[in-house]
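The structure appears right after this line, and notes come after that.
Naming: A, B, ... by sequence-line order, numbering from 1 per chain. The figures here come from the full heavy-atom set of this structure, side chains too, leaving out hydrogens, waters and symmetry mates.
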Number of protein chains: 2
Amino acid sequence: MPAPKRSSLALVAARAGVSVASVSRVLNGGSASQELTQKVREAAEALGYVPDASARTLRTGRTDQIALAVADVGNPVYVQMMRAVTGVVAKADYRLVVSSTGSDPQDQIDLLSSLNRGYADGLILSPLRITADLIDAMRSSRLPIVVIGSLPEDVALDNVRADSATGVGLAMEHLVAQGRKLIALVNGPVDTVPGSARLAGYLAALERFDLPNAPELQVTATGFTYRAGRKAVAGLLGGSRPDAIVAANDLLAVAALKELAATGARVPEDVAVVGMDDTDTAELATPSLTSVDLGSAKRAAAAAKLLVRRIADPAAPVRRLVIPPSLSVRESTLQETAQ
Amino acid sequence: MPAPKRSSLALVAARAGVSVASVSRVLNGGSASQELTQKVREAAEALGYVPDASARTLRTGRTDQIALAVADVGNPVYVQMMRAVTGVVAKADYRLVVSSTGSDPQDQIDLLSSLNRGYADGLILSPLRITADLIDAMRSSRLPIVVIGSLPEDVALDNVRADSATGVGLAMEHLVAQGRKLIALVNGPVDTVPGSARLAGYLAALERFDLPNAPELQVTATGFTYRAGRKAVAGLLGGSRPDAIVAANDLLAVAALKELAATGARVPEDVAVVGMDDTDTAELATPSLTSVDLGSAKRAAAAAKLLVRRIADPAAPVRRLVIPPSLSVRESTLQETAQ
DNA sequence: CTGTTAGCGCATTCAT
DNA sequence: ATGAATGCGCTAACAG
């Protein structure tokens, strides 16, 4: 038994004493006489007519919706991305629907197959982990996808990624310039896209600045969360005394801040801390957090634009964009008594 | 020109050499013979058949989607709510779609009319401001709505709200017990649902604890954000020296923490600070923030359950729930040297 | 157990 | 400029 009776083109047409085709034309901006337009508008108004989305979609094949899948709504970096995407998408006359997936690639695959049923015209995806299965699913998706984050070379999908290596390099350079010698890395899981990129960047920077590669200075949290960060940092401090910590994101960096405070270490005097993503959290932290801006907002906005273009022109050449990072220096690395 | 040709029931039926009805039955768990089931599954698999959502929705009147509208994705309290809703909704076999509206009621009205086109089966709405227009729009919505937050008595909509008055009372009681005398309020805009509730609770508590109602101890930020909070608190400290601050949410409370630190005041020795919503932010703050848990997660979960029930039974009696608050005490109000 | 058929609401082609 | 008719893909009556 279908839903409660509602308005419909036919009802409006009957009331206005015209054909459904005319109603459709008037309401969608087709050509119609002054008088007919008038009658139709009146009838539609009186009946509180609202066009039915599924009928229109069934007919036209378009939903005018764009989906954004984020792995963790609690991570402020995704908040930045949502904000950025919202703007672009609205301007292109799409509605944005946000789906929260877990970090499990299977969640994304499920979402993809769900979307393939026609809930949206396109998807912006920022996968934490990329598996072969996920790639297969993306490849065989009938709906356009733009990926935020790195992607294997041979996957012909629009994507826009950060330059983590350069970003981590910026942080390390800044720390080295401040005279730091023992720079630890607090990373998230290395089987994730950001985790592996951060690690690679860290190792490259060690080499570049002639710093020793000390395993006891590298810890991996079980997730990119505050709680996981606290544990990881506690472990780190149990086995070493770094004079600087680079964290894979701002949440982990705040965890370092709190853990350091708990052990009586002063920031930045004893230990400097750098976060990553440059989210609101960096500003709110005490001391405020120096953070690498990996261009999340720009990446998200760019991805949205790519998707809109891709939807308009499915045959357009694949584009891969890289957004350059920058460093936002705040209290957590700035000593008055800089050496 | 409709979208690129895809799979369809008819295609599967043709390949399997059966009728579309049989395919539909098999795929939806109707009764069918072993052999037919086998043939259909094979054909569907081979063709990569995916059912079309809009066609099904058009036919059944259901979308199996529930919409959640949040006013500010950047506010961690909404993150709590999203998490809570996600769980309930998934268990009831609905997909959740999140829409970010602004604080402007018009945004909600727009969203409502959009949803009335049939994008979702129900809506969970947590409006910041409630205007007559919004109420009209909710009343005339053809889709079930559950409101998180207070609502005028005469609006016959399911809703679940916090008990802000008691919540603020809890905070004040705690502060008074610690010997605080000059308790300031850092509120958000009072023309909002939470803003007015917080103010009322504060005034009631002043009376209850025989505290003077001093206007210079009450400031109103232009929004429930960190940035607005900094300005408001700076204004407050410019004109008075409270020994405690109650903030209308955790973001404003963190702003108070930072502003106090900037002026050299110690927390909690000189000034105690209490936040509200008990979000992750309270834990991350330095010092960690005592916060009133207004039951956001519980409210959201309850709202989701109410909505699922309402969708199943549109004629069910209207329910209004109130979730009791509790206090999470942390460093920002705990002096070692408690008087 | 399986097939035939109608129609959900709409945009669009084809007549007029 | 307007109306009649078609079919998007699907589910559910109904018939056999």
[X], nearest nucleotide to its side chain (from [options]):
X	options	value
A/Leu36	D/dG3, D/dC10, C/dC1	D/dG3
B/Ala55	D/dC10, D/dG3, C/dC10	D/dC10
B/Tyr49	C/dC10, D/dC10, C/dT2	D/dC10

Lys/Arg N to Asp/Glu carboxylate O, B/Asp121 vs B/Arg310, below 4.0 Å: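 Answer for the salt bridge query: no.
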Without decimals, in angstroms, what is the distance between [X] [atom1] and [N] [atom2]?
X	N	atom1	atom2	answer
A/Gln34	D/dA1	CD	P	12 Å
B/Leu58	D/dA12	CG	P	13 Å
A/Arg59	C/dC10	CZ	P	13 Å
A/Leu11	C/dC8	CG	P	11 Å
A/Arg56	D/dC10	CZ	P	21 Å
A/Lys39	D/dT2	NZ	C1'	10 Å
B/Leu27	D/dA12	CG	C1'	16 Å
A/Leu9	C/dC8	CG	P	12 Å

A/Arg319, CZ: over 12 other non-hydrogen atoms inside 6.0 angstrom: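 12 or below, so no.
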Partners passing side-chain contact (heavy atoms from CB on, under 4.5 Å) against A/Ser140 (at least two apart in sequence or in another chain):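 Residues passing side-chain contact (heavy atoms from CB on, under 4.5 Å) with A/Ser140: none at all.
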Which residues share a side-chain hydrogen bond (donor to acceptor under 3.5 Å, both in side chains) with B/Thr101, sequence neighbours left out: none
A/Asn28 vs A/Arg56, side-chain hydrogen bond (donor to acceptor under 3.5 Å, both in side chains): CA-CA, chis, key distance, verdict: CA-CA 12 Å; A/Asn28 292 308; A/Arg56 172 180 266 148; 3.0 Å; yes
Pairs satisfying salt bridge (Lys or Arg N to Asp or Glu O under 4.0 Å), at least one member in residues 101-114 of chain A, at least two apart: none
Pairs touching residues 17-37 of chain A that satisfy salt bridge (Lys or Arg N to Asp or Glu O under 4.0 Å), sequence neighbours left out: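 Sorted result for residues 17-37 of chain A: empty, none.
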Terminal axes of the helix from C/dC1-D/dG16 to C/dT16-D/dA1 (five pairs each): angle between them, nearest 10 degrees: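 Here the local axes at opposite ends form an angle of 40°.
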Contact residues, residues 17-25 of chain A to DNA chain D [heavy atom, < 4.0 Å]: A/Val18, A/Ser19, A/Ala21, A/Ser22, A/Arg25
Polar contact flag, side-chain donor to acceptor under 3.5 angstrom, B/Gln38-B/Gln34: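 No donor-acceptor contact under 3.5 Å links the two side chains.
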Donor-acceptor pair between A/Asp52 and A/Ser54 side chains, under 3.5 angstrom: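 Looking only at side-chain atoms, A/Ser54 and A/Asp52 do form a donor-acceptor pair, the distance falling under 3.5 Å.
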Distance below 4.0 Å between A/Ser33 side-chain N/O and D/dA1 OP1 or OP2: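 A/Ser33 to D/dA1 OP1/OP2: no side-chain N or O under 4.0 Å.
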